[in-house]
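Structure record follows, encoded as structure tokens.
As the structure lists them, so they are numbered: ligands from 1, and atoms in each ligand from 1.
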Amino acid sequence: MADGRTVLGIETSCDETGVAIVRDGRLLADVVASSVSQHAVFGGVVPEIASRAHTEWLPRCTRQALAEADLGIAGIDAIAVAAGPGLMGALLAGASFARGLAVGRGIPLYAVNHLAAHVAVAEIDVGRLPSPAVALLASGGHTDLLLVRDPVGDIVPLGATLDDAAGEAFDKVARVLGLQYPGGPSIDRAARTGDPSAIAFPRGLTGPAESNRYRFDFSFSGLKTAVARRVDRYVSEDAPVPVADIAAAFQEAVVDVLATKTLDACVDSGARHVVLAGGVAANARLRHVMGERARSMSIDVLSPPPRRCTDNGAMIAWLGWRLLESGANPTGVTFTSRSQMSAADILI
Ligand code: KG4
Ligand code: ZN
């Protein structure tokens, strides 16, 4: 292992500006600023607002991270930046800032995959990932099942959503229920006082015919439509909408499908470990149900604390540090940011 290696990580793929510093496998600083409150009134992320917020906040977050780590920029050996997937303007804000620092200070630059970073970040809290592990990566833009042999270079996609991402479904259903954006945390909270069995919402791609062809794929758009229809019915009948029950029953349907398919993937691949990653992995019910079902199958669930599930700079700094430590060549400043990428695209 290389000694004395310090990596500054920069995350700007969506609405969180994250800057963090990892040295020798230790997180020294982790600064996250979110423009989420500026998007809430629109019910979703407005790309232009997110890009401008990143540009404004990156210098401040970087200064704060360096101060937290008690370092000057001269103490940074490499910079890592999220190159995709994500909102193009937001990605470019981070990439431009990272390039400026790298060229201006002569620091090597690694362009890293945001999805692989979501998986790799679990190592900060749980140590080196056991191999193989099945990762459930569920965020606002992705719902992927991945077979991870090594977060640096060996990730095989097993399945993905065919339509909405799990987080997107949470966000859209919250809107239908009149709950605040982002929908995931709002539904997570509202569901605590609801009855998950109040309504049997559909579990997409789990029927006998579909579960063969789409064994590790997901579909949440039918579920979202079923919730919208149910709410329309209450409204047209002038009846009060049972928000907590609908939130709990919707959440249960999502969690049931995510847990079932993730554990099926473990059985098929022989993996004895599950890694939860992405914003939806912060969901309390998902963590609980996944933990209970996995325990009964003697499968181990590795779940990073909620703040490391949603977007943050630590995940980028960590993957950058892992690349540096593994001897990978820096990407240099000529990489291309990409709005669409697979978790398997490790080096840009
Ligand atoms: O990973 P992330 O921060 O950003 C993306 O890369 O997309 O994930 C954001 C998504 C949003 O859709 C948000 O509603 C969802 O994660 N989310 C949650 C929870 N916290 C965030 N979904 C369910 N339960 C939560 N507690
Ligand atoms: Zn993300």
Review point. Is it true that atom CZ of R203 has more than 12 heavy atoms of other residues, nucleotides or ligands lying nearer than 6.0 Å?
Key: yes
Check your understanding: If you count the non-hydrogen atoms of other residues, nucleotides and ligands that lie under 6.0 Å from CD in Q180, is the total more than 12?
Key -> no
Review point. Should R272 and D300 count as an ion pair when the cut-off is N to O under 4.0 Å?
Key: no
Please identify which atoms of ligand 1 are closer than 4.0 Å to at least one heavy atom of [X].
| X | value |
| --- | --- |
| G141 | 7 (O) |
| A282 | 26 (N) |
| D188 | 24 (N), 25 (C), 26 (N) |

**Study point:** Apex the Zn ion (ligand 2) - arms OD1 from D311 and NE2 from H118 - angle rounded to 10°
**Key:** 90°
Review point. Can you find a pair of side-chain heavy atoms, one from R307 and one from D30, that are under 4.5 Å apart?
Key: yes
Check your understanding: Are V156 and L146 joined in one hydrophobic group, where the rule is that I, L, V, M, F, W and Y side chains link up if heavy atoms are under 4.5 Å apart?
Key -> no
Revision key, fill the gap. Checking heavy atoms under 4.0 Å, the part of D171 that sits near ligand 1 is side chain
Revision key, fill the gap. Checking heavy atoms under 4.0 Å, the part of H118 that sits near ligand 1 is side chain
Point to revise | Nearest protein heavy atom with distance in Å, relative to atom 17 (N) of ligand 1 | key: G279 O, 3.5 Å
Check your understanding: Quick check: does H114 put an N/O/S atom under 2.8 Å from the Zn ion (ligand 2)?
Key -> yes
Review point. Quick one: does A284 get an N or O within less than 3.5 Å of an N or O on ligand 1?
Key: no
Practice item. Decide if the gap between the ring center of F170 and the ring center of F250 is smaller than 6.0 angstrom. Key: yes
